[in-house]
Amino acid sequence: MAPRKGTRRACDPCSVRKVRCDGDQPCSRCRAASWECTYLKTHGKSGPKGPRRNTEAAIRRLQERSRASGDQARSESEASFDDGSASSVEFAPIDRLPPFESPEIDGLGWPDTVPSPTFPQLGQLPQKISIACISQYLEVYQAKGYPIWPVVDTEALLARLLTNPDDMEAYALAVAVCSATVGQFQIDAQPGSPVEGHFRVSSAMFEAEAVRARNASDHLENVTIWSLLSSFFLHVYSADIGRMTASTVLLGEAITKAHIVGLHKTSHYETLSVEQQQHHLRIYWLLFVTERAHSIQHDIPTMLKRTPDLPQLADLNDGSINPAFLQLCRLFHILDVTITADPSTARDALALAQQQLSDDVASRGLQNELQRADISMTQQWMRIYLWQHALGVTNLSSTNPEDEFSFSFPAKVAQSVLGYLTSLSRESLEAHGPGMETKLFDIASSLADVMICVPRLNREPHFGIGPRDLIHSLSALLGSFRGGNPAVVNILQEKLTALGVAVTSPQRLIDLSSSEDEREDQKYSDSPASLSWSKVGLFAPISPIQELPPALSITQF
């Protein structure tokens, strides 16, 4: 067997993709991909990559104050780069941009502990974030974000950037994806993050670059699938940082572009290949799911209509989609059909939907914890939303506690939620951003409202658990979710005060699983996710309710 060829110096495309390069000109990989094989990247000496981060930051600040010109800054930046082989871990943060107006850079939130790139001085060409740097964050998107938003092929995106570095539409999408990834998974300033050891760029800088590149490509006039997706990912970024008005406008922009492209029309899919057809269907359903949740949570009318005669979304077994996304689309289809049902059949439609949403076999079977958290919590949130919807279209009962039209139903849903949490880590919930927080808050708030309006229910245990135990545990979780949201905490605090419930951390999470559930969940019990969370949150069940210490007894509240 012939030895594998290798080289100390990789070509630029192989260096960016972090694959082995044979050193030929052009190399075999570039020939196969029909890419230009270049060796333009400047390489410095190999060896130890350096001091502690605080020391490096101090050196950088001193150097930046001493720089006399942009050329000197560029050469000093490149002097610290590795040799470009497949094991390289440091990349140039910036590249030259085609001339267009430079954005305002104040207040972009650079992490204090890492160096920020050098911005161009007056009279110099603007610079952009390098493809090498972008690729690091796209890897995080591929690993964590793609199961949530399965719409961007990172390999194709990087290939387009490599073959045409001046492609502003592709660059805008790439940095928009990075801004959403950094914000959603909170890797701006986390030690040990997936980009630890690399040049780190803030989500705000990625967003500023996306806005600038979108303007340069005239995205409002040149509407394509790529410009549509850049609008969507900027919506995600805006929602993550709490700019809800901006996120609403950007989501509406993405949906308007979808209408212009024709994603809601059956005729749009007739001339597409199977792969293109499924890709466009994933985008349509992602927008549909996102808008329905956003509309419910923020009381905003919907724009994208459900089109029953579109081609079926399918799993091609090529890794482009996963069963969890199909389940999520199915759940929102059930929700949309139910809330748009004729008033004369509303009660029957609600009963059927609650029966379908109570089936959790599919969600429990998901191996990916991020996906399991999304599906299970969305399912329970929908049950609460449809119960709230029932208040306006039918009568509720206070006689049958098992009925989906009873006032005790929120307690039943809250019990199910806390049961799921014993097999989910905090990280798997927080990875879904503010949307997950809103779903958990809606469940807790509905339970608190019923407890306030129907006081007698406070004394009725559900599955051996009192409503006060349930609201207490949910409030403790929300109080520390992604660092704590003051608006959410204050609303819950007012309701808990009215109920006379103190907001303190429970000593342990109540065992909320029946014997059947315990057997069903046994396969998750050995994972780190089912162990402790934090002392402000929830802990794995240790003992049955009869053996809980007095600190958790109902009389203590």
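Position 1 is the first residue of the sequence; numbering continues from there.
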- Distance (rounded to the nearest 0.5 Å) between Ile384 CD1 and Gln380 CD: 8.5 Å
- Task: Mind jotting down which residue pairs meet the side chain to side chain donor-acceptor pair (under 3.5 Å) criterion with at least one end in residues 435-444? Sequence neighbours excluded, please.
- Result: Thr378-Lys439, Trp381-Asp442, Glu437-Asn485
- So CG of Asn215 and CG of Leu220: to nearest 0.5 Å the spacing works out to 8.0 Å
- Query: Is any side-chain heavy atom of Asn368 less than 4.5 Å from a side-chain heavy atom of Leu366?
  - Reply: no
- Taking only residues two or more places apart in sequence or in another chain, which ones pass ring pair (Phe, Tyr, Trp, His ring centres under 6.0 Å) with His432? none
- Message: Quick one, Arg383 and Ser416 - any side-chain contact, counting heavy atoms below 4.5 Å?
- Response: yes
- Task: Using the test ring pair (Phe, Tyr, Trp, His ring centres under 6.0 Å), find all partners of Phe288 that sit at least two apart in sequence or belong to another chain.
- Result: Trp285
- Item | Within residues 337-358 or reaching into it, pairs that qualify as salt bridge (charged side-chain N to carboxylate O under 4.0 Å, His left out) - sequence neighbours excluded | none
- Item | Side chain Gln379, main chain Asp359, donor-acceptor under 3.5 Å | yes
- Residue pair Met451 / Leu447, side-chain heavy-atom distance below 4.5 Å: yes
- Task: Could you tell me whether the side chain of Gln356 and the main chain of Ile334 form a donor-acceptor pair under 3.5 Å?
- Result: no
- Message: Given 3.5 Å as the limit, does a donor-acceptor pair link the side chain of Ser376 with the main chain of Arg372, or not?
- Response: yes
- Do the non-hydrogen side-chain atoms of Asp240 and Pro434 ever get within less than 4.5 Å of each other? yes
- Message: Does any part of the side chain of His279, heavy atoms only, come nearer than 4.5 Å to the side chain of Ile225, both counted from C-beta?
- Response: yes
- Just by modelled atom types, is the Arg214 backbone N or O under 3.5 Å from a matching donor or acceptor in the His219 side chain? no
- Task: Ignoring hydrogens and angles, tell me if any N or O in the side chain of Thr307 forms a donor-acceptor pair with the backbone of His264 under 3.5 Å.
- Result: yes
- Task: Using side chain to side chain donor-acceptor pair (under 3.5 Å) as the criterion, list what pairs up with Ser446, not counting sequence neighbours.
- Result: Gln388
- When rounded to the nearest 0.5 Å, the distance separating NZ of Lys495 from CG of Asn490 is 12.5 Å
- What are the two closest heavy atoms between Ser231 and Leu250, and how far apart are they? O-CB, 3.8 Å
- Looking at residues at least two apart in the chain, or sitting in another chain, which of them share a salt bridge (Lys or Arg N to Asp or Glu O under 4.0 Å) with Glu427? none
- Any luck finding a side-chain donor-acceptor pair between Ser425 and Glu369 under 3.5 Å? yes
- What do you reckon, are the aromatic ring centroids of Phe441 and Phe481 less than 6.0 Å apart? no
- Message: Please give me the minimum heavy-atom distance between Gln312 and Leu281, naming the atom from each residue.
- Response: O-CD1, 3.7 Å
- Criterion side chain to side chain contact (heavy atoms under 4.5 Å, CB included) on Phe232 and Glu253, from CA distance to verdict: CA-CA 8 Å; Phe232 172 80; Glu253 178 181 289; over 6 Å; no
- Between Ser179 and Leu234, what is the shortest heavy-atom contact and its length? OG-CD2, 3.9 Å
- Ala353 versus Thr338, closest heavy-atom pair with distance: CB-OG1, 3.3 Å
- Query: Does the side chain of Leu386 come within less than 4.5 Å of Ile339's, by heavy atoms?
  - Reply: yes
- Message: On a heavy-atom basis, which atom in Tyr141 and which in Val152 lie closest, and how many Å separate them?
- Response: OH-N, 3.3 Å
- Sorted by chain and residue number, the side chain to side chain donor-acceptor pair (under 3.5 Å) partners of Thr256 (sequence neighbours excluded) come out as none
- Message: Leu263 vs Leu228, test: side chain to side chain contact (heavy atoms under 4.5 Å, CB included). Steps then yes/no.
- Response: CA-CA 11 Å; Leu263 296 186; Leu228 180 166; 4.0 Å; yes
- Message: Applying side chain to side chain contact (heavy atoms under 4.5 Å, CB included) to Leu335 and Ile296, what does each step give before you reach the verdict?
- Response: CA-CA 11 Å; Leu335 179 70; Ile296 291 171; 3.5 Å; yes
- Item | pair Cys178-Ile134: side-chain heavy atoms closer than 4.5 Å | yes
- Message: Side chains of Leu474 and Leu492, heavy atoms from C-beta outward: is any pair under 4.5 Å?
- Response: no
- Message: List the residues meeting ring pair (Phe, Tyr, Trp, His ring centres under 6.0 Å) with Phe325, not counting sequence neighbours, and say none if there are none.
- Response: none
- Query: What side chain to side chain donor-acceptor pair (under 3.5 Å) pairs are there with at least one residue in residues 293-303, not counting sequence neighbours?
  - Reply: Thr248-His294
- Note on the structure: Sequence neighbours excluded, the answer for ring pair (Phe, Tyr, Trp, His ring centres under 6.0 Å) partners of His389 is none
- Task: Would you give the length of the straight line joining atom OG of Ser363 to atom CD of Gln371, rounded to the nearest 0.5 angstrom?
- Result: 12.0 Å
- Task: Go through the steps for Thr181 and Lys144 under the test side-chain hydrogen bond (donor to acceptor under 3.5 Å, both in side chains), then give the verdict.
- Result: CA-CA 8 Å; Thr181 300; Lys144 289 187 172 184; over 6 Å; no
- At their closest point, which heavy atom of Met205 faces which heavy atom of Ile129, and how far apart are they? CG-CD1, 4.2 Å
- For the pair Phe233 and Trp149, evaluate ring pair (Phe, Tyr, Trp, His ring centres under 6.0 Å) and give the outcome as yes or no after the intermediate values. CA-CA 9 Å; Phe233 282 101; Trp149 315 298; 5.7 Å; yes
- Task: Working to the nearest 0.5 Å, report the span between CE of Met382 and CG of Leu331.
- Result: 5.0 Å
- Item | Partner residues of Asp336 under the salt bridge (Lys or Arg N to Asp or Glu O under 4.0 Å) criterion, sequence neighbours left out | Arg292, Arg306
- Message: Applying side chain to side chain donor-acceptor pair (under 3.5 Å), can you list everything that pairs with Tyr420, at least two apart in sequence or on another chain?
- Response: Asp360
- CA sep, side-chain torsions, deciding dist, call: Tyr137, Phe206, ring pair (Phe, Tyr, Trp, His ring centres under 6.0 Å): CA-CA 10 Å; Tyr137 294 90; Phe206 277 125; 5.0 Å; yes
- Message: Distance check, rounded to the nearest 0.5 Å: Thr154 atom OG1 versus Leu173 atom CG?
- Response: 11.0 Å
